[in-house]
Amino acid sequence: MTSSIVKTTCPYCGVGCGVDAKLENGNLIAVSGTTDHPANYGKLCVKGSSLHETVDHEGRMLTPMLHGQPTDWDTSLAYVSDKIKAIVAEHGPDAFAFYVSGQILTEDYYVANKLIKGFIGTANIDTNSRLCMASAVVAHKRAFGTDTVPGNYDDLNHADLVILTGSNLAWAHPIVYQRLANAKKQNPSLQVVVIDPRKTASCDIADLHLPLKPGSDAFLFNGLAHHLIAHNKLDDSFLANHCNGLEAIQQTVINQTSQQTAQDCDLTEDQINHFYSLFANNERVVTLFSQGINQSSSGVDKGNAIINCHLLTGKIGKPGSAPFSITGQPNAMGGREVGGLANQLAAHMDFKKPEHIDRVARFWNATNMAKNEGLKAVDMFDAVADGRIKAIWIMATNPVVSMPDADRIKAALQSCDLVIVSDSQAMTDTSQYADVCFPATTWAEKDGTVTNSERFISRQRGYLLPPGDAKHDWQAICEVAKRLGFEEAFNYENSADIFREHAALSGFENDDERDFDISLLSQISNAEYHNLTPIQWPVNARHPNGRSRFFDDGRFYTADKKANLIAVQPRLPTYTPNVHRLMT
């Protein structure tokens with residue numbers, strides 16, 4: 001009997017826990033947490049602890065499918081590439097789209113983004129991550145000039161106050177919740193505030209629970225800004241040297257008194273003032289926010305209302321102080337790094353800057369570089385429904401289940417000229433509408449990298465052979481790209497080749513202009529890539545061992561290197577859920 005341990009990463013959420021996979025005779029028999037992984041230090045939640053029970057081949061797609069019938073890769077790839085060529089030739093590049101997923105690896109994301117934006121010539125690529133964290137991305141970019149998470153999980157150990165808003169941390173990110181609970185046990189003076197219409201499991205360690213009116217978060221944080229201004233709790237030096245927009249904020253929140261906020265949020269003034277006093281009088285504050293903030297008709301404004309309060313008081317870039325968006329999916333952050341959203345370019349570059357478009361095009365030697373933003377997730381499926389998009393490739397996600405208005409998604413896919421689905425499972429709600437299905441590898445077979453909520457890049461190491469004819473997503477994309485005539489640009493031998501190119505692009509003509517820069521990893525060997533240990537970006541000449549916190553130097557990524565305070569006009573959602581019903 002031969003046994004071994006493979007160090008890999010959990011595929012379930014954005015915490016990014018390290019996993020030790022125990023193999024005997026080539027079979028996975030058990031998993032445990034990696035003791036030295038900085039995300040979890042040996043702990044796993046109930047889902048991660050059960051990973052060894054998920055690797056059987058029951059229900060797996062084992063061969064390509066064409067019009068519901070088994071076929072081979074050559075036939076299915078030829079069909080797909082011929083159809084894409086014909087559709088793009090007749091209707092233009094915007095008739096094609098990718099809808100991808102926070103479940104794929106960074107290397108998969110990178111080649112999908114490169115193919116569609118650099119060579120097909122459209123930015124119609126979006127991801128199911130749009131539904132969970134795109135609001136935070138935009139809030140970051142408005143405030144900081146870039147999509148940067150300033151802090152890390154370790155800040156929980158240094159904080160005097162931790163605020164959970166729009167996050168049931170105990171259920172959604174249990175390992176981070178355990179870290180917070182342990183930090184409170186080690187430091188009983190640590191205060192925890194939970195802001196949630198419901199009394200959730202996260203309230204078990206809360207010193208204060210604010211059951212605010214659903215959707216009223218921006219009123220609450222604008223009221224906090226008013227309180228900080230009225231009570232002289234601002235960091236005047238930080239604001240003068242590192243921020244723009246103070247006057248606009250002062251005018252916007254002038255009437256958001258504690259009394260008014262109590263009315264807007266259905267809370268008492270005592271509750272409001274207690275919370276505001278905690279924020280104002282504690283030097284080190286972490287505000288964790290997640291889907292309850294992001295998944296809102298005004299999610300960006302809510303994110304900025306939170307960030308504003310940290311900027312006003314200089315509670316950012318220091319141990320124990322950060323506004324901290326914690327993502328839902330295992331590689332939502334990796335997708336953001338490679339430009340996997342319709343309104344992004346690779347390596348944190350931007351369609352709004354022509355020089356960025358030119359830079360990416362030159363680096364890729366792109367033959368047909370997209371010049372404009374593409375359609376975002378909901379708009380993308382609207383375009384499928386009305387015939388503007390005639391071919392869509394759906395990868396590692398099930399939009400018939402996960403997108404709003406499932407009946408509309410079904411109707412859109414039924415009417416589409418070409419629907420391609422890459423999935424590990426043979427039968428999903430979406431695959432039944434596919435013209436072509438590609439069998440994809442899954443967690444135990446995939447090999448590449450992911451990035452967690454605190455910017456740690458970790459290796460996901462495949463240790464089981466793909467079943468049947470399953471291929472990695474990047475391989476399927478590259479095979480199609482070659483048949484479309486782009487062989488030279490997609491001639492990768494392995495995922496390490498893709499990672500090196502991704503790292504090189506991040507540093508290309510950068511000169512510290514962009515926050516995402518892992519150029520020091522662009523020359524690593526295959527062996528070094530295989531053995532890569534978790535590291536927190538950026539990883540470059542200036543930060544060869546990574547960087548734990550951003551903005552500790554007071555330097556942001558706007559034109560004048562100052563952060564922007566964003567004047568937010570709060571509004572309630574047009575639909576307010578019945579909170580009492582949600583609790584039953």
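Keep in mind it's a predicted model, so treat the numbers as computed, not measured.
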(request) Step by step, work out the side chain to side chain contact (heavy atoms under 4.5 Å, CB included) result for Thr146 and Phe550. (result) CA-CA 11 Å; Thr146 186; Phe550 267 90; over 6 Å; no

(request) Describe, in one word, how the ring planes of His348 and Phe516 are oriented to each other, choosing from parallel (under 30°), tilted (30 to 60°) and perpendicular (over 60°). (result) tilted

(request) Would you kindly say whether Ser202 and Asn168 are connected by a side-chain donor-acceptor distance under 3.5 Å? (result) yes

(message) Looking at Tyr276 and Leu224, would you say the former's side chain and the latter's main chain have a donor-acceptor pair under 3.5 Å?
(response) yes

(message) Gln329 vs Asn128, test: side chain to side chain donor-acceptor pair (under 3.5 Å). Steps then yes/no.
(response) CA-CA 9 Å; Gln329 293 179 296; Asn128 57 15; 2.9 Å; yes

(message) For a quick check under 3.5 Å, do Lys302 and Ser296 share a side-chain donor-acceptor pair by atom type?
(response) yes

(message) Under the criterion side chain to side chain donor-acceptor pair (under 3.5 Å), I'd like the reasoning laid out for Asp235 against Thr313: C-alpha separation, chi angles, the key distance, then a yes or no.
(response) CA-CA 5 Å; Asp235 186 329; Thr313 52; over 6 Å; no

(request) Check Cys13 against His173 and note the closest heavy-atom contact, atom names and distance. (result) SG-CD2, 3.9 Å

(request) State, without any angle test, whether Asp560 and Thr558 hold a side-chain donor-acceptor pair at a distance under 3.5 Å. (result) yes

(request) Verify, without hydrogens or angle tests, whether Asp266 (side chain) and Lys213 (backbone) share a donor-acceptor contact under 3.5 angstrom. (result) no

(message) Quick one about Lys233 and Asn281 (side-chain donor to acceptor, distance below 3.5 Å, no hydrogens or angles considered), yes or no?
(response) yes

(request) Determine, step by step, whether Asn222 and Thr252 satisfy the side chain to side chain donor-acceptor pair (under 3.5 Å) criterion, reporting the C-alpha distance in whole Å, the side-chain angles of both residues, the deciding distance to 0.1 Å, and the verdict. (result) CA-CA 8 Å; Asn222 264 16; Thr252 301; over 6 Å; no

(message) Does Lys318 form a side chain to side chain contact (heavy atoms under 4.5 Å, CB included) with Asp552? I'd like the steps, not just the answer.
(response) CA-CA 6 Å; Lys318 305 171 184 176; Asp552 48 328; over 6 Å; no

(request) Nearest 0.5 Å please: distance from the CZ atom of Phe289 over to the OG atom of Ser325. (result) 4.5 Å

(message) On the six-membered ring of Phe551, is Arg549 placed so that its NZ or CZ lies under 6.0 angstrom from the centre and within 45° of the ring axis?
(response) no

(message) I need the Asp36 CG to Lys7 NZ distance, nearest 0.5 Å.
(response) 5.5 Å

(request) Output yes when a side-chain donor or acceptor of Ser216 lies under 3.5 Å from a complementary backbone atom of Phe219, and no otherwise. (result) no

(message) Looking only at side-chain N and O atoms, does His158 offer a donor or acceptor that is under 3.5 Å from a partner on Asp154?
(response) yes

(message) Would you say that more than 12 heavy atoms from the other residues, nucleotides or ligands in this model lie under 6.0 Å from the CG of Asp553, or not?
(response) yes

(message) Just so I know, are the side chains of Ile205 and Leu180 near enough to count as touching, which here means a heavy-atom distance under 4.5 Å?
(response) yes

(request) Measure centre to centre between the rings of Phe279 and His310, then say whether the value is under 6.0 Å. (result) yes

(message) Is any side-chain heavy atom of Asp350 closer than 4.5 Å to one of Gln344?
(response) no

(request) For the residue pair Thr451 and Glu337, confirm or rule out a side-chain donor-acceptor distance under 3.5 Å. (result) yes

(message) Quick check against the 3.5 Å criterion: does Asp126 have a side-chain atom that pairs as donor or acceptor with the backbone of Ala377?
(response) yes

(request) Over all heavy atoms of both residues, which pair between Ala206 and Val194 is shortest? Give the atoms and the distance, please. (result) CB-CG2, 3.7 Å

(message) For Gly151, is there any backbone N or O sitting under 3.5 Å from a side-chain donor or acceptor partner on Asp155?
(response) no

(request) Scan side-chain atoms only and decide if Gln256 and Asp264 contain a donor-acceptor pair under the 3.5 Å cut-off. (result) yes

(message) As an exercise, state the distance from CD1 of Ile249 to CG of Asn564, rounded to the nearest 0.5 Å.
(response) 10.0 Å

(request) Indicate the ring-plane relationship of His227 and His231, choosing parallel, tilted or perpendicular according to the 30° and 60° boundaries. (result) parallel

(message) Quick check on Glu269: does its CD atom have over 12 non-hydrogen neighbours (other residues, nucleotides or ligands) under 6.0 Å away?
(response) yes

(message) Looking at Ser167 and Ser290, would you say the former's side chain and the latter's main chain have a donor-acceptor pair under 3.5 Å?
(response) no

(request) Can you see which heavy atom on Asn304 is nearest to which on Ala143, and at what distance? (result) ND2-CB, 3.8 Å

(message) Distance alone, cut at 3.5 Å: any donor-acceptor contact between the side chains of Ser458 and His37?
(response) yes

(message) On the six-membered ring of Tyr529, is Arg459 placed so that its NZ or CZ lies under 6.0 angstrom from the centre and within 45° of the ring axis?
(response) yes

(message) If you compare all heavy atoms of Gly320 against all heavy atoms of Val286, which two are closest, and at what distance to 0.1 Å?
(response) O-CG2, 3.5 Å

(request) Return yes when atom NZ of Lys43 has more than 12 non-hydrogen atoms of other residues, nucleotides or ligands closer than 6.0 Å, and no otherwise. (result) no

(request) Determine, for Asp301 against Arg142, whether the closest basic-nitrogen to carboxylate-oxygen distance falls under 4.0 angstrom. (result) yes

(request) Working to the nearest 0.5 Å, report the span between CZ of Phe499 and CG of Leu532. (result) 5.5 Å

(message) How long is the straight-line distance from CZ of Phe221 back to CG of Asn308, given to the nearest 0.5 Å?
(response) 11.0 Å

(request) Could you tell me whether Arg542 and Asp517 have a side-chain N and a carboxylate O separated by less than 4.0 Å? (result) no

(request) Give the minimum heavy-atom separation between Ser453 and Val149, together with the two atoms involved. (result) O-CG1, 3.6 Å

(request) Using a strict 4.0 Å threshold on nitrogen-to-oxygen distance, state whether Asp147 and Arg336 make a salt bridge. (result) yes

(request) Determine yes or no for a side-chain-to-main-chain donor-acceptor pair under 3.5 angstrom, with Gln295 supplying the side chain and Gly292 the backbone. (result) no

(request) Return the minimal non-hydrogen interatomic distance between Ile254 and His226, and the atom names on each side. (result) O-CE1, 3.2 Å

(request) Go through the steps for Leu190 and Leu161 under the test side chain to side chain contact (heavy atoms under 4.5 Å, CB included), then give the verdict. (result) CA-CA 6 Å; Leu190 169 61; Leu161 171 66; 5.6 Å; no

(request) Starting from the C-alpha separation in whole Å, work towards a yes-or-no answer on side chain to side chain contact (heavy atoms under 4.5 Å, CB included) for Asp447 and Gln460. (result) CA-CA 5 Å; Asp447 191 80; Gln460 185 160 323; over 6 Å; no

(message) Test side chain to side chain donor-acceptor pair (under 3.5 Å) on Glu513 and His356; report intermediate values, then the result.
(response) CA-CA 11 Å; Glu513 175 204 350; His356 286 187; 3.0 Å; yes

(request) Give, for atom CG of Leu239 and atom CG of Leu311, the distance between the pair rounded to the nearest 0.5 Å. (result) 8.0 Å

(request) Taking atom types as modelled, find out whether Ser519 and Ser506 have a side-chain donor-acceptor pair closer than 3.5 angstrom. (result) no

(message) Do Gln103 and Thr397 pair up side chain to side chain, a donor and an acceptor below 3.5 Å, judged on atom types alone?
(response) no

(request) Assess Arg461 against Tyr463: is NZ or CZ under 6.0 Å from the centre of the six-membered ring, and within 45 degrees of the ring's axis? (result) no

(message) Any salt bridge linking Asp160 with Lys315? Criterion: basic side-chain nitrogen under 4.0 Å from a carboxylate oxygen.
(response) no

